[in-house]
Amino acid sequence: MNYFPPEECPFYLITRSSLTLTSLLKKVLTDCGLDDVKPAYLGALMCLWKDENLDDMLSKFGSRDGMKLSELGLCAGLEPSTMTGLIDRMERDGLVYRSSDPNDRRAQQVKLTERGVKIQSAVFEAIERMFTQAFDGIASGDMSVVKKVLRTILANANKGGA
């Protein structure tokens, strides 16, 4: 078996970067008075914040009536079993609430609370602060390459059933 140092392993670098960025974002959110907003909530929140300039793939699911739990899971890229616990915690933290879908009594709609709507700009400001710190010294052209590479990795991994 071949050995190479962890800092040469793409999986190690991606995992460590993700964990470090999540930790930094948690700290920045807390510093901004948003300690009830967890980094794990961001995918679902961004899918629900329909008025922002979201990626076309994400924004097509949004609506004023909230989103079906299953659609929100697809949009956020999370499994149904993960979504249930995530929405439970987001409800506990006063960011979303569930209601019955008027068109399908088996389904639930997830909607933003007033607080969930109001924190949008503050959350994006916190994310921007985190980006400024974490990506200091990285040219915008390099960031474009990083994003392209990460999108390709995600697409390739999803082809494999991830």
Side-chain angles (χ1 to χ4, degrees), residues 1-62 66-93 95-96 110 112 116-117 119-162:
M1 182 170 177
N2 293 335
Y3 171 80
F4 51 91
E7 60 274 4
E8 295 299 322
C9 174
F11 179 77
Y12 172 83
L13 293 170
I14 290 168
T15 303
R16 289 302 310 152
S17 295
S18 176
L19 292 170
T20 303
L21 288 173
T22 299
S23 179
L24 177 59
L25 181 56
K26 185 176 180 181
K27 180 187 179 316
V28 171
L29 287 166
T30 298
D31 291 348
C32 291
L34 297 165
D35 49 333
D36 57 340
V37 179
K38 310 301 183 225
Y41 299 172
L42 292 182
L45 285 171
M46 287 181 178
C47 291
L48 291 166
W49 287 326
K50 65 186 175 347
D51 292 330
E52 287 299 311
N53 294 323
L54 296 178
D55 174 313
D56 288 337
M57 182 185 83
L58 299 180
S59 66
K60 72 181 179 184
F61 292 114
M67 295 174 68
K68 285 185 180 180
L69 187 60
S70 59
E71 290 174 341
L72 185 55
L74 283 173
C75 180
L78 298 171
E79 295 292 323
S81 58
T82 302
M83 282 304 299
T84 301
L86 181 74
I87 298 303
D88 286 346
R89 291 187 301 279
M90 291 175 72
E91 266 188 314
R92 177 201 65 208
D93 291 337
L95 302 173
V96 299
V110 178
L112 291 165
V117 172
I119 63 168
Q120 181 180 355
S121 62
V123 169
F124 282 126
E125 288 173 23
I127 291 170
E128 187 62 35
R129 283 180 55 189
M130 185 270 301
F131 285 160
T132 299
Q133 181 177 343
F135 302 130
D136 184 38
I138 301 174
S140 64
D142 290 341
M143 279 305 299
S144 294
V145 171
V146 167
K147 289 187 272 187
K148 181 180 179 186
V149 168
L150 291 172
R151 284 188 201 105
T152 302
I153 291 168
L154 286 170
N156 290 343
N158 283 328
K159 285 180 200 171

Contact between [X] and [Y] at the side-chain level, heavy atoms closer than 4.5 Å - yes or no?
{"X": "F124", "Y": "M46", "result": "yes"}
{"X": "M67", "Y": "V110", "result": "no"}
{"X": "L34", "Y": "V123", "result": "yes"}
{"X": "I127", "Y": "L42", "result": "yes"}
{"X": "L95", "Y": "I119", "result": "yes"}
{"X": "I87", "Y": "L72", "result": "yes"}

All side chain to side chain contact (heavy atoms under 4.5 Å, CB included) counterparts of [X], not counting sequence neighbours:
{"X": "S70", "answer": "K68"}
{"X": "P6", "answer": "Y3, Y12"}
{"X": "A134", "answer": "L21, L24, M130"}
{"X": "E8", "answer": "F4, P5"}

- Message: Checking the side chain of W49 only, and the main-chain atoms of G116 only, is there a donor and an acceptor separated by less than 3.5 Å?
- Response: yes
Got a second to check how far [X]'s [atom1] is from [Y]'s [atom2], nearest 0.5 Å?
{"X": "L74", "Y": "L69", "atom1": "CG", "atom2": "CG", "result": "10.0 Å"}
{"X": "F11", "Y": "R16", "atom1": "CZ", "atom2": "CZ", "result": "11.5 Å"}
{"X": "L86", "Y": "S81", "atom1": "CG", "atom2": "OG", "result": "11.0 Å"}

- Task: Return each pair, listed once, that meets side-chain hydrogen bond (donor to acceptor under 3.5 Å, both in side chains) where at least one residue sits in residues 129-150; pairs must be two or more places apart or across chains.
- Result: none
- Task: Return each pair, listed once, that meets side-chain hydrogen bond (donor to acceptor under 3.5 Å, both in side chains) where at least one residue sits in residues 22-48; pairs must be two or more places apart or across chains.
- Result: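 Listed by first then second residue: K27-D31, D36-R115, Y41-D93.
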- Item | Closest non-hydrogen atom pair between A126 and C32, with its separation |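 Result for this residue pair: CB-SG, 4.0 Å.
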- Item | Residue pair A76 / A44: nearest heavy atoms and the distance that separates them |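 Looking at all heavy atoms of both residues, the shortest contact is CB-N, 4.0 Å.
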- Message: E125: which residues meet the salt bridge (Lys or Arg N to Asp or Glu O under 4.0 Å) condition with it, sequence neighbours left out?
- Response: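 None.
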